[in-house]
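In what follows, a structure is listed as structure tokens, so that the remarks can point back to it.
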Amino acid sequence: MSLEKLPPLLALVCLAVPGTALAVKPGGTLYIKAKNTHLKASSSPTADTLVVLQPGKEVTYDSREGKTPWYKVTVPVDKKGPVQGFVYQANLSVSPPSLEVTSKSPDKPLSPEAFASSGAAVKALGPGAIAYGKTLSRPDSVQQLIALESLAASIDTAQVAEYARAGGLPEVVGRPQVARRSPAKKKGGK
Amino acid sequence: MARRQVTTLVACLLLGGLAGCAALRRVVGQSHGDLGQLARQSEEADLRADAMQKDCDALKARAISYEEENAFGGAVSVDWVSRGGGLTRRTGAKALHVQLNKIGKNLAAQSSRPGLPWTFGVLQSDGVNAVSGPGGYVFVSEGLLAQLDNEAQLAGVLAHEIAHITGKHAMREYQRYLVEQCEDGVSNERSKPLKQFGEDKVQELGRAVGGLGQMIPSAELRGLFNQLATQANFDFNTLSQKAIQAITHGVVARLSEKGFGEEDEYTADTEAVELMAAAGYAPEEYVAFLSKLPDKGLSTEHPRKDKRQIRLRAHLAALRERSSDTDFLTSVDLSQTKVVPLRDALRTKPAAVPATR
């Protein structure tokens, strides 16, 4: 395949003009890309969080805040109606995340959110891999990998966000809960 | 009888060519009874082969479930750990793994498969390597960590491996391997009656050399491909140990020898710089770090580094041009990226703990 001339040529064209074919104008649909994306009350990382969104959620692109990496979007949150707020550029995508095919619903691929709650994403080295690992030159690799999986599973999004913040990086993966709510958005607020 | 002889002759020509038919000339010298038995066996073998070919065709189009990907990925990953000398035993190994998983999970959460249970580990190997296993396993070597100037470079390497997983590049190799093995099985099945005549030339028919066919009995092999082709909820873990061993070893050996395709590597590179930028890391650091990579690593022979760097610089230049548009074009904003220095466990010089085994 790689020897054929056309695919590499097409790939080069696509590389030269990234995103051209997928430009979304104001009023168009964008998708939430990162886990625990915070919809902010204003275009600042320290602004109040209105709601926490998950990958695959559709939002309407309203406008860009000047030349900043903040985009004003409208989100259909619940029965109360849509909420407008600001999302960091890195958390948005022109295309939805990949759907996952699971053995329980092979004909109906799951969104990232449905996949997360399906229980399929709970990783543990399977019996096939364990038996295979015991035939390798370093059979202790099996126990090492099981321990590593356990360690990885213990690291949550709050720790990931904290680490990013400590390094001066944007907190793209946010905390799972709304830490504070803007008083202006509270129903019956003073 | 004449019809059977013709069938055998045609099979001989198709499978063995003219040289192979030297075998038939000797066969023809045998009794009509023997020849009749050969023709009958050929017809039966053809029926089995035709059924198997249908499974091979179905195999090409099947959707692989996450569970199968994860089960196979676990086997591949335990193989990488073994080949990489085991996981790191350096001082502060746990703190290093915690930090690596924070960096990796931050990147992976922004990928197109944010919901996978991602696992990041450090291999003891002194070589400058990074590898991945389907389902969300990423490994870097101690040798690679020793070459890092900053955290952005590590983020780039991790993001490249993440992109191989989100792009399901290894799963495509797995699928391709299974289809090839299935088709080898079909050829083998068709030639089996001739092989049983014990003719040296005939025994060379087909191309089933060093594959599943040599490790798994043909009946089990047919059953395996039938399962793969027909069961929507196929469970990799239910395969026999020999089958898991043969498939995993076959795919890992292929990845070690040939690596991913050139286009898969370029795709992983461009995805890597976008993931880096989305997380706030300066992608130019990854482009620079490519110079430190060997031409051949633990797993793959990548395309030439200079070609990769040229393509990445062109990609980044195009992203910069587009970043000021009013339309939403990309998640990437290069103006917000930075070089993060090495910190915490990554700053600690490795002091290996002697192996206990």
Side-chain angles (χ1 to χ4, degrees), chain A residues 2 11 15-19 23-25 30 33-35 55 61 64 67 69 71 89-90 92-94 97-98 100-103 106 112 115-116 120-121 123 125-129 131-133 135-138 140-142 144-145 148-149 151-152 155 159-160 163-164 167-170 172-173, chain B residues 63 65-67 70-71 74-75 77-79 81-82 86-87 97-98 101-102 105-106 109-110 112-121 166 232-233 236-237 239 241 244-245 248 261-263 266 270 278-280 311 314-315 318-319 322 324 326-331 333 336 338 340 343 357:
Chain A
S2 61
L15 281 174
V17 276
V24 174
K25 295 187 180 303
L30 294 175
K33 185 177 149 204
K35 279 166 90 171
Y61 168 40
R64 183 176 182 180
K67 301 288 181 193
Y71 286 75
Q89 180 175 358
L92 293 165
S93 174
V94 294
S98 302
E100 298 292 344
V101 175
T102 63
S103 58
F115 177 67
K123 182 183 282 180
L125 210 55
Y132 173 66
T135 69
L136 297 172
S137 60
R138 290 184 170 273
D140 56 332
S141 301
V142 172
Q144 290 184 354
L145 191 51
L148 180 67
E149 282 185 329
L151 178 142
I155 296 164
Q159 290 173 277
V160 171
Y163 182 81
L169 298 166
V172 182
V173 179
Chain B
S65 72
Y66 168 74
E67 288 89 341
N70 190 42
S77 299
V78 82
D79 199 325
V81 173
S82 179
L87 291 177
H97 274 140
V98 168
N101 276 277
K102 287 177 182 172
K105 284 184 163 209
N106 190 39
Q110 298 160 66
S112 60
R113 301 181 77 189
L116 293 191
W118 294 89
T119 299
F120 299 84
T166 58
N233 55 354
F236 183 84
N237 287 315
L239 291 176
Q241 196 173 331
I244 289 176
Q245 200 172 347
T248 309
E262 202 172 63
E263 284 309 314
Y266 289 138
T270 50
R311 288 177 72 135
H315 183 62
L319 284 172
R322 295 267 154 193
S324 60
T326 309
D327 293 351
F328 187 93
L329 292 160
T330 170
S331 308
D333 180 4
Q336 304 294 316
K338 61 186 286 189
V340 179
R343 51 183 162 145
R357 56 185 291 276

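Excluded from the calculations below are hydrogen atoms, water molecules and symmetry mates; all remaining heavy atoms, backbone and side chain alike, are included.
For B:Val98, the parts lying under 4.5 angstrom from a heavy atom of chain A are both the backbone and the side chain. Looking at A:Glu100, the atoms closer than 4.5 Å to chain B (heavy atoms on both sides) all sit in the side chain, from C-beta outward. Contacts between A:Ala131 and chain B at a heavy-atom distance below 4.5 Å involve backbone atoms as well as side-chain atoms. Heavy atoms of B:Gln110 lying under 4.5 Å from chain A belong to its backbone as well as its side chain. Residue A:Thr102 touches chain B through both its backbone and its side chain, counting heavy-atom pairs closer than 4.5 Å. For A:Leu92, the parts lying near chain B are the backbone and the side chain together; criterion is any non-hydrogen pair under 4.5 Å. Residue contact with chain A, scored on non-hydrogen atoms closer than 4.5 Å, involves the backbone of B:Ala279 exclusively. Interface remark: A:Pro69 contributes backbone and side-chain atoms alike to the contact with chain B (heavy atom separation under 4.5 Å). Residue A:Leu30 touches chain B through its side chain alone, counting heavy-atom pairs closer than 4.5 Å.
No side-chain heavy atom of B:Asn101 sits less than 4.5 Å from a side-chain heavy atom of A:Gln159. Here the side chains of A:Ile155 and B:Lys102 are in contact, with some heavy-atom distance below 4.5 Å. Using a 4.5 Å heavy-atom cutoff, the side chains of A:Pro170 and B:Gln336 are not in contact. Two residues are said to be in side-chain contact when any heavy atoms from C-beta on lie closer than 4.5 Å; A:Gln89 and B:Phe328 meet this criterion.
Judged purely by atom type and a 3.5 angstrom limit, B:Glu67 uses its side chain to pair as donor or acceptor with the backbone of A:Ser103. Side-chain N or O atoms of B:Ser112 include none that pairs as donor or acceptor with a backbone N or O of A:Pro97 at under 3.5 Å.
Residues B:Val78 and A:Ala129 come closest through the heavy atom pair CG1-O, 3.8 Å. Across all non-hydrogen atoms, the minimal contact from A:Gly167 to B:Arg343 is N-NH1, 3.2 Å. Shown here for B:Gly74 and A:Leu125, the closest heavy-atom pair between the two residues is CA-CD1, 3.6 Å.
Within the model, atoms CZ of A:Arg138 and CG of B:Leu87 stand 10.5 Å from one another, a figure rounded to the nearest 0.5 Å. Atom NZ of A:Lys25 sits about 9.0 Å away from atom CG of B:Leu329, to the nearest 0.5 Å. Rounding to the nearest 0.5 Å places NZ of B:Lys105 at 6.5 Å from NZ of A:Lys35. Separating the OH atom in A:Tyr132 from the OG1 atom in B:Thr248 is a distance of 5.5 Å, to the nearest 0.5 Å.
At a cut-off of 3.5 Å, with distance as the only test, a side-chain donor of B:Ser82 or A:Ser137 sits close to an acceptor on the other residue.
Residues forming a ring-ring contact (aromatic ring centres under 6.0 Å, His included) with A:Tyr61 (at least two apart in sequence, or on another chain): A:Tyr71. With sequence neighbours excluded, the residues that form a ring-ring contact (aromatic ring centres under 6.0 Å, His included) with A:Phe115 are B:Tyr66.
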